[in-house]
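Quick notes on the structure that follows.
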There are 2 protein chains.
Amino acid sequence: MPKETFFRLPPARRDRLVDEAIVEFAERSYVEASLSQIAKRARIPKGSFYQYFEDKLDLYRWLLTDEVPRRKRAFLGEDGATGASFWERLALHIERGMAFLVEHPQLARISAAAADPTALPEVRGLHRAICDAGLDELRATLEEGIRSGALGKVNLELATRLVATVIGPGLTDVVLAELGAELHEVLASDDLRARLSARRRRALADQTVAFLRSGLGAPEDSLATPPRGGKARA
Amino acid sequence: MPKETFFRLPPARRDRLVDEAIVEFAERSYVEASLSQIAKRARIPKGSFYQYFEDKLDLYRWLLTDEVPRRKRAFLGEDGATGASFWERLALHIERGMAFLVEHPQLARISAAAADPTALPEVRGLHRAICDAGLDELRATLEEGIRSGALGKVNLELATRLVATVIGPGLTDVVLAELGAELHEVLASDDLRARLSARRRRALADQTVAFLRSGLGAPEDSLATPPRGGKARA
DNA sequence: TGGGCATGCGACCGACCAGTCATATGACCG
DNA sequence: CGGTCATATGACTGGTCGGTCGCATGCCCA
């Protein structure tokens with residue numbers, strides 16, 4: 001947690017610090033990120049930084065668990081479950097995720113960083129807590145899908161983790177391919193983002209939901225010959 | 001590429017260096033990994049290291065593009081396409097991937113590192129080349145699946161990337177959850193690996209293929225109401 | 001025996017890092 | 001005015017890093 005001094009800072013100074021920290025942690029891992037760079041770019045002496053935060057980890061933790069989620073909620077607008085069917089809600093969720101990625105690539109990158117491997121135990125604990133929370137939420141969603149009859153009988157643990165990687169890293173990859181750019185270009189550029197329209201996002205979300213719902217098998221194939229001993233689906 | 005001196009080294013000395021480099025690069029990213037640590041643990045003076053490789057990147061590149069793929073091929077035994085159907089071959093491929101992950105977690109981790117984000121341009125180029133090669137291979141496989149009629153009509157680019165993340169990071173995550181361990185524990189421990197039997201791997205592979213083939217939708221659901229305007233599948 | 005050459009080696013260099021500390025500043029209060 | 005207290009500041013510390021350099025070692029051939 002930041003020290004009280006941080007919250008008493010003139011807003012311009014505080015924003016400069018936070019914005020530069022977001023840029024730095026979006027581009028580099030926790031270990032690679034440099035406090036000296038953040039401070040220099042925010043035009044805040046390093047000694048002053050330590051009046052605001054305990055240390056580097058304190059800043060990172062606050063960003064990851066407070067500031068970035070707050071900004072993410074602000075963008076997503078607390079939309080929540082907007083009626084319709086399970087699959088329609090999923091498609092909407094995916095489309096909003098792509099919009100967030102395109103409009104706020106730095107925040108999206110920091111959110112996603114929780115899944116990256118790291119050797120530092122403190123950081124690993126932090127990341128794991130975030131990942132687990134996301135998985136719990138998704139698991140609950142899938143359970144509700146099962147109750148509502150939208151989903152067939154599935155291995156819940158397997159499905160949760162596979163779906164999580166599809167709508168997480170998988171979709172990020174798809175979006176980058178659509179933009180024809182690499183992650184670091186998107187983080188740095190402003191106009192690349194306009195290249196993925198809401199219509200196109202919706203189409204990609206629909207295709208992704210179709211994949212999650214019905215798989216890739218040919219229609220006649222997928223039901224006529226149940227995969228390997230009928231284990232799937234039943 | 002290593003210098004000639006490296007290949008003239010007494011095998012024990014060379015192996016020590018390579019093994020410690022694999023351990024280090026498996027646990028830490030390129031930037032975080034420390035040559036000093038590798039050299040110290042391999043009991044090779046740093047000055048000597050620079051007789052064998054141009055620099056840190058030279059070692060990393062050789063590991064990533066030569067040594068690790070060589071060891072991976074040695075483990076997978078050039079099995080190649082072993083008859084049977086498209087889906088059966090895919091299941092086999094997935095099972096072998098899980099076996100490699102469990103038996104050689106360090107090598108698997110280094111292979112997978114190519115997908116991690118990094119700010120260093122030289123490393124990014126290296127990683128991108130490896131990822132692209134993997135995607136090309138998978139795309140060709142899927143195209144063959146389409147020709148053979150096993151796959152329905154799909155957005156090939158989307159499908160390639162989604163399948164790649166499912167059988168890559170997704171399955172890694174599933175395996176770690178099965179083992180009840182984190183990546184760094186598996187990298188460090190020997191006996192955790194025995195906890196995922198060939199039978200269990202095969203079951204997970206089958207369930208994963210069922211997911212890729214038929215999705216998660218309930219049987220009556222997935223065909224009765226084509227997702228959103230009939231865009232999927234047809 | 002002696003010269004040449006591949007290799008071994010560790011002290012050393014400059015850069016960068018996270019974090020500290022002594023001092024300076026300036027607002028508020030009596 | 002003098003005193004106190006929150007805050008600002010940048011030089012500094014101790015450490016690690018990738019990479020270099022000059023010297024030592026020991027084998028091969030004359």
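Letters go in sequence order (proteins before strands), and every chain restarts at 1.
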Q) Does the side chain of Arg8(B) get closer than 4.0 angstrom to OP1 or OP2 of dT7(C) through an N or O atom? A) yes
Q) Can you check the Phe49(A) CZ to dC21(C) C1' distance for me, whole Å? A) 17 Å
Q: For Thr160(B) and Glu157(B), run side chain to side chain donor-acceptor pair (under 3.5 Å): C-alpha distance rounded to whole Å, both residues' side-chain angles, the deciding distance at 0.1 Å, then the answer.
A: CA-CA 5 Å; Thr160(B) 303; Glu157(B) 273 316 302; 5.1 Å; no
(Q) How many whole angstroms separate atom CZ of Arg28(B) from atom C1' of dC17(D)? (A) 13 Å
Q: Would you kindly give the OH-to-P distance between Tyr30(B) and dC17(D), to the nearest whole Å?
A: 14 Å
Q. When we call it a touch if two heavy atoms are under 4.0 Å apart, what does Ala39(B) touch: a base, just sugar-phosphate, or nothing?
A. nothing
Q.
With nearest nucleotide decided by heavy atoms, which residue, Gln37(A) or Glu54(A), maps closer to the 5′ end of DNA chain C?
A. Gln37(A)
Q: Give a yes/no on whether any side-chain N or O of Thr5(A) is located under 4.0 angstrom from OP1 or OP2 of dT7(D).
A: yes
Q. If you draw the axis of the six-membered ring of Phe53(A), does the NZ or CZ of Lys3(A) fall within 45° of it and under 6.0 Å from the ring centre?
A. no
Q.
Expressed as a whole number of angstroms, how long is the span from Glu24(B):CD to dT16(D):P?
A. 14 Å
**Q.** Between Glu32(B) and Ser29(B), a side-chain donor and acceptor under 3.5 Å
**A.** yes
Q. In terms of the angle between their ring planes, are Tyr52(B) and Phe6(B) parallel, tilted or perpendicular, with boundaries placed at 30° and 60°?
A. tilted
(Q) For a quick test of reading the model: is some side-chain N or O of Arg13(B) closer than 4.0 Å to OP1 or OP2 of dG8(C)? (A) yes
Q.
Can you measure Leu35(A) atom CG to dT20(C) atom P for me and round it to whole angstrom units?
A. 11 Å
Q | dT16(D) OP1/OP2 closer than 4.0 Å to side-chain N/O of Ser34(B) | A | no
Q. Can you tell which of dA8(D), dG8(C), dG19(D) lies closest to the side chain of Leu9(B)?
A. dG8(C)
Q: Look at the side chain of Gln51(A) and decide which nucleotide, out of dT7(C), dA8(D), dG18(D), has an atom nearest to it.
A: dA8(D)
Q) Which part of the nucleic acid, if any, lies within contact of Leu59(A), taking any heavy atom under 4.0 Å across all strands shown: a base, the sugar-phosphate backbone alone, or nothing? A) nothing
Q: Taking only the side-chain nitrogens and oxygens of Ser48(A), find out if one of them lies under 4.0 Å from OP1 or OP2 of dG10(D).
A: no
Q. Atom OH of Tyr50(A) to atom C1' of dT13(D): distance rounded to whole Å?
A. 13 Å
Q: Would you mind classifying the nucleic acid contact of Tyr52(B) as base, sugar-phosphate or nothing, using non-hydrogen atoms under 4.0 angstrom?
A: sugar-phosphate
Q.
Angle between ring planes, His104(A) versus Phe75(A), binned at 30° and 60°: parallel, tilted or perpendicular?
A. perpendicular
Q. Below 4.0 angstrom from OP1 or OP2 of dG10(D), is there any side-chain N or O of Lys46(A)?
A. no
Q) Roughly how many Å is it from NZ in Lys3(A) to C1' in dT20(C), rounded to a whole number? A) 11 Å
**Q.** Nucleotide dA6(C), atom P - distance to CD of Glu4(B) in whole Å
**A.** 11 Å
